Number of protein chains: 2
Amino acid sequence: MAKAKRTLKWQRDPEGMRLRILEAAKQEFSTHGLAGARVDRIAAKAGANKRMLYYHVGNKDELYLAVLEGAYDKIRSEERGLDLEHLDPPEAIRRLIEFTWTYFLRNPEFLSLLQTENLARAKHLKKSTKVKSMHSPFVEMIRTVVRRGVDSGDFQVAVDPVQLYISIAGLCFFYLSNSATLSVIFGRDLLAKDAKDERLSHMVGLVLAALTGRSTALFEIAKAPKSRSAVAQTV
Amino acid sequence: MAKAKRTLKWQRDPEGMRLRILEAAKQEFSTHGLAGARVDRIAAKAGANKRMLYYHVGNKDELYLAVLEGAYDKIRSEERGLDLEHLDPPEAIRRLIEFTWTYFLRNPEFLSLLQTENLARAKHLKKSTKVKSMHSPFVEMIRTVVRRGVDSGDFQVAVDPVQLYISIAGLCFFYLSNSATLSVIFGRDLLAKDAKDERLSHMVGLVLAALTGRSTALFEIAKAPKSRSAVAQTV
DNA sequence: GGAGAAATTAACTCGTTGGATAAATACTGT
DNA sequence: ACAGTATTTATCCAACGAGTTAATTTCTCC
């Protein structure tokens, strides 16, 4: 009892501290941007002294880059877990869209960080050798899926995989990253459950219809006899 | 000669001054974001004394909101100039995509401002009664175009105009606003002339194929006999 | 049980920045 | 030509914020 380490003023935990700092920094940078982020707030949020940031990671810019690299690392690693090889081409594309959509929904900080970095014209990312070597496995996945789809006759068009990747990401990204201003302008909450479900249907329908040349059930509202009146309202 | 207003220390020009301030502020806010923008730099760029900003517009936040409102005002006014009524539905959609694309290309600051405002979760926009009343005429235009297309049999699907509007904007917006990080990751310059042309073709092809159910010439690479080998390379 | 290294805290520095005050200069009507 | 107002300049300042210095506490290994 007498030897017990009671009433220690603080705990030592370099690993945990570094993680807490990076997590706090991610929150701060994603909610306030690079210039708007406050080093003191990061420290406070991490339950640390400000000096710790510089001790464990580096100055504000290095901290920011570390967060950015971590964010890319995370999405790339999840992307690798998704194997589209065994699915038939249309199903693979649907899976791809759903993954992108839900990943963005689950990781809103990632969207904010990308926005921030693009506002800076990728100044920091260009300096990162780490990120440059982390190629998205999606492009190659899409390439083979499209090839298979064309060969099997499922797809009418042989689209450039990079273009398709950017299109899918763009359809998801813009809706979510700009949901705040769009919600104001359209006067409706785009982040409500219903709205999000509707959006996913729309995106899947749009892309699959374009690729297969056949409008899918989800997208094909015009022909459905039952929804005639509903169409008249929404369209 | 003696009465000539020679060697005046400064000119009076309230209108011009206000415009120069707003233009300078637009540049500053779009390149540095809200927090990163410097009031002194805006003054210098406008060729004015810092006090002038507060005299003619207001503090930093009011200045920012004025710039944002001006940006929305500008795009809405240009949108109104585009009448799609006389075009057949597919051509109207193509025109819409081309306008959105070229507007974003001609006004990169608009993209940056939107990014900045969304990073702030539209905090300022919500306070603007002015912007809320500036509805985009596009939604109604699209509504009628889609209806006409469905009636004429040109379109297979009756898509929600808001969804389509967001999709078109998203396809254009994401590519351009994120071109910096995407260029780093893909190791190619997405803002090169060729890349931009290719992108526009892709977007028009994608959307029109989805709506009409027929892959358009631009999009339909797979079937073109001449490009067989080219397809093998790109796909 | 003590010396040296690692981790953490407290307090300080110093340039920057948004905003304010007051004085000077130009314009307008009479 | 003068009074009153509108526009512009020249300074100032208090708060903030990134980064530093130096002291303090904990750990490790002998």
Side-chain angles (χ1 to χ4, degrees), chain A residues 2-29 31-68 116 120 123-124, chain B residues 2-29 31-68 116 120 123-124:
Chain A
K3 295 194 75 171
K5 299 174 185 175
R6 37 161 210 188
T7 59
L8 281 184
K9 285 199 181 170
W10 34 270
Q11 291 286 332
R12 258 191 169 186
D13 180 16
E15 298 300 316
M17 176 65 88
R18 185 160 207 277
L19 290 180
R20 272 181 295 141
I21 289 172
L22 287 175
E23 178 59 31
K26 183 169 77 177
Q27 294 302 323
E28 179 71 11
F29 284 124
T31 52
H32 296 94
L34 178 51
R38 292 293 165 258
V39 171
D40 298 88
R41 272 201 301 253
I42 296 175
K45 227 171 295 184
N49 184 283
K50 181 167 52 158
R51 181 68 177 75
M52 291 288 87
L53 313 190
Y54 296 89
Y55 183 78
H56 286 289
V57 187
N59 64 22
K60 192 179 179 182
D61 271 358
E62 296 174 287
L63 198 50
Y64 169 76
L65 185 56
V67 166
L68 196 61
T116 296
K123 188 173 68 172
H124 315 85
Chain B
K3 296 194 72 171
K5 299 175 183 173
R6 40 160 205 185
T7 58
L8 280 184
K9 286 202 179 169
W10 35 270
Q11 291 285 333
R12 259 192 169 186
D13 181 14
E15 297 302 315
M17 176 65 88
R18 185 160 206 278
L19 290 180
R20 272 181 295 141
I21 288 172
L22 288 175
E23 177 60 31
K26 184 169 77 176
Q27 295 301 324
E28 180 71 11
F29 283 124
T31 52
H32 296 95
L34 178 51
R38 292 293 165 258
V39 172
D40 298 89
R41 270 201 302 253
I42 296 176
K45 228 172 293 186
N49 185 284
K50 184 169 49 159
R51 180 68 178 77
M52 292 289 87
L53 313 189
Y54 297 91
Y55 182 78
H56 286 289
V57 188
N59 64 21
K60 192 180 179 181
D61 270 358
E62 295 174 285
L63 198 50
Y64 169 75
L65 185 57
V67 166
L68 197 60
T116 296
K123 188 173 67 172
H124 315 84

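This one's a predicted model, so the numbers in the text were calculated from it and none came from an experiment. Each chain gets a letter, A, B and so on, in the order the sequences are listed, and its residues count up from 1.
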> Is there a side-chain contact (heavy atoms from CB on, under 4.5 Å) between B/Asn59 and B/Val39 once you walk through the steps?
Replying inline: CA-CA 9 Å; B/Asn59 64 21; B/Val39 172; over 6 Å; no
If I take atom [atom1] in residue [X] and atom [atom2] in nucleotide [N], what distance separates them, rounded to the nearest angstrom?
X       : N      : atom1 : atom2 : value
A/Gln11 : D/dT24 : CD    : C1'   : 16 Å
B/Asp13 : D/dT8  : CG    : C1'   : 12 Å
A/Lys60 : D/dC16 : NZ    : C1'   : 12 Å
B/Arg41 : C/dT17 : CZ    : P     : 7 Å
B/Asp40 : D/dT11 : CG    : P     : 15 Å
A/Tyr64 : D/dA18 : OH    : P     : 15 Å
B/His32 : C/dT16 : NE2   : P     : 15 Å
A/Ile21 : D/dA18 : CD1   : P     : 15 Å

>> Show, in sequence, the C-alpha distance, side-chain angles and deciding distance for B/Arg18 and B/Met52, and conclude whether the side-chain contact (heavy atoms from CB on, under 4.5 Å) test is met.
In response: CA-CA 9 Å; B/Arg18 185 160 206 278; B/Met52 292 289 87; over 6 Å; no
>> Any residue in residues 42-56 of chain A with a heavy atom nearer than 4.0 angstrom to DNA chain D? Just list them by number, or reply none.
In response: A/Lys50, A/Arg51, A/Tyr54
> Looking at B/Thr116 and B/Gly33, what are the two nearest heavy atoms and their distance?
Replying inline: OG1-CA, 3.8 Å
> Can you name the closest pair of heavy atoms from A/Leu22 and A/Ala66 and give their distance?
Replying inline: CD2-CB, 3.9 Å
>> Taking salt bridge (charged side-chain N to carboxylate O under 4.0 Å, His left out) as the cut-off, I'd like each qualifying pair that reaches into residues 45-57 of chain A, sequence neighbours left out, listed once.
In response: A/Glu28-A/Lys45, A/Asp40-A/Lys50
>> Tell me which pairs pass ring pair (Phe, Tyr, Trp, His ring centres under 6.0 Å) where either residue lies in residues 33-65 of chain A, with sequence neighbours left out.
In response: A/Phe29-A/Tyr64, A/Tyr64-A/His124
> In Å, rounded to the nearest 0.5 Å, how long is the span from CD1 of B/Ile42 to CD1 of B/Ile21?
Replying inline: 9.5 Å
> Within the structure shown, what part of the strands sits under 4.0 Å from A/Ala37 by heavy-atom distance: base, sugar-phosphate, or nothing?
Replying inline: sugar-phosphate
> What pairs with B/Glu23 under side-chain contact (heavy atoms from CB on, under 4.5 Å), at least two apart in sequence or on another chain?
Replying inline: B/Lys26, B/Gln27
>> Using modelled atom types and a 3.5 Å cut-off, is there a donor and acceptor pairing between side-chain atoms of A/Lys60 and backbone atoms of A/Ala37?
In response: yes
Please tabulate, one pair per line, each protein N/O and nucleotide N/O from nucleotides 23-25 of chain C that are separated by under 3.5 Å, including the distance.
{"from": "C/dT25", "atom 1": "OP1", "to": "B/Lys9", "atom 2": "NZ", "distance (Å)": "2.7"}

